[in-house]
**Q** 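The structure under discussion is supplied below as structure tokens; questions concerning it will follow.
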Amino acid sequence: MVRHLLTSLGIPATYLGQRYLTYALHLCLENEDYFSSITKQLYPDVAQHFRVSPASVERDIRTAIRRCWNRGNRSLLSQLAGYPLTQRSEERRV
């Protein structure tokens, strides 16, 4: 179901970030503590599972998110968020 949702959002299965996001979301659903420790706990656990570095996991997830934002299904993304999304959170911090 998660994989289908990510594909519907515009993140193709060919992106490693989709695999990492799918696994990361499953971990978060099992343990909500991951939400407060993404870079220190979640990325390393995903990296260990896939036998890659945490930096690689973070980079590939960011790439997948960027793909979703730039070329994905923006209306579905806004529907999931519950409000219209006009800019990425990274852009809002500037």
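Note that this is a predicted model, so its numbers are computed, not measured. No hydrogens, no waters, no symmetry mates; every other heavy atom, side chains included, goes into these values.
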**Q** Where the side chain of Arg67 meets the backbone of Gly10, is there a donor-acceptor pair that is under 3.5 Å apart?
**A** yes

**Q** Please list, chain by chain and in numerical order, all residues satisfying side chain to side chain contact (heavy atoms under 4.5 Å, CB included) with Pro44, sequence neighbours excluded.
**A** Pro54

**Q** Kindly compute the distance separating OG (Ser56) from OH (Tyr20), expressed to the nearest 0.5 Å.
**A** 4.5 Å

**Q** Do Cys68 and Leu77 make a side-chain contact, defined as non-hydrogen atoms from C-beta onward lying under 4.5 Å apart?
**A** yes

**Q** Quick one: do Leu42 and Ser37 satisfy side chain to side chain contact (heavy atoms under 4.5 Å, CB included)? Show the steps, please.
**A** CA-CA 6 Å; Leu42 182 62; Ser37 186; over 6 Å; no

**Q** Could you measure the distance from the CG atom of Leu16 to the CZ atom of Phe50? Nearest 0.5 Å is fine.
**A** 8.5 Å

**Q** Return the set of residues passing side chain to side chain donor-acceptor pair (under 3.5 Å) with Gln48 (not counting sequence neighbours), or none when no residue passes.
**A** none

**Q** Atom CG in Leu6, atom CZ in Arg19: separation rounded to 0.5 Å?
**A** 12.5 Å

**Q** Going by atom type alone, with no hydrogens or angles, which donor-acceptor pairs under 3.5 Å involve a side-chain atom of residues 21-29 and a protein atom two or more places apart or on another chain?
**A**
{"unit_1": "Thr22", "atom_1": "OG1", "unit_2": "Gln18", "atom_2": "O", "d": "2.8"}
{"unit_1": "Tyr23", "atom_1": "OH", "unit_2": "His49", "atom_2": "ND1", "d": "3.4"}

**Q** Is it the case that the side chain of Arg74 and the backbone of Trp69 share a donor-acceptor pair, with hydrogens and angles ignored and the cut-off at 3.5 Å?
**A** yes

**Q** Determine which pairs satisfy salt bridge (Lys or Arg N to Asp or Glu O under 4.0 Å) with at least one residue from residues 25-34, sequence neighbours left out, and list them in order.
**A** none

**Q** What pairs meet the salt bridge (Lys or Arg N to Asp or Glu O under 4.0 Å) rule with one or both residues in residues 49-60, with sequence neighbours excluded?
**A** Glu58-Arg62

**Q** Look up atom CG in Leu80 and atom CG in Leu85, then write down how far apart they are to the nearest 0.5 Å.
**A** 9.5 Å

**Q** Please collect all ring-ring contact (aromatic ring centres under 6.0 Å, His included) contacts where either partner lies in residues 28-48, sequence neighbours excluded, each pair once.
**A** none

**Q** Test of understanding: with side chain to side chain donor-acceptor pair (under 3.5 Å), list the residues that count as partners of Ser75, not counting sequence neighbours.
**A** Asn73

**Q** Between Pro84 and Ser78, what is the shortest heavy-atom contact and its length?
**A** CA-OG, 3.8 Å

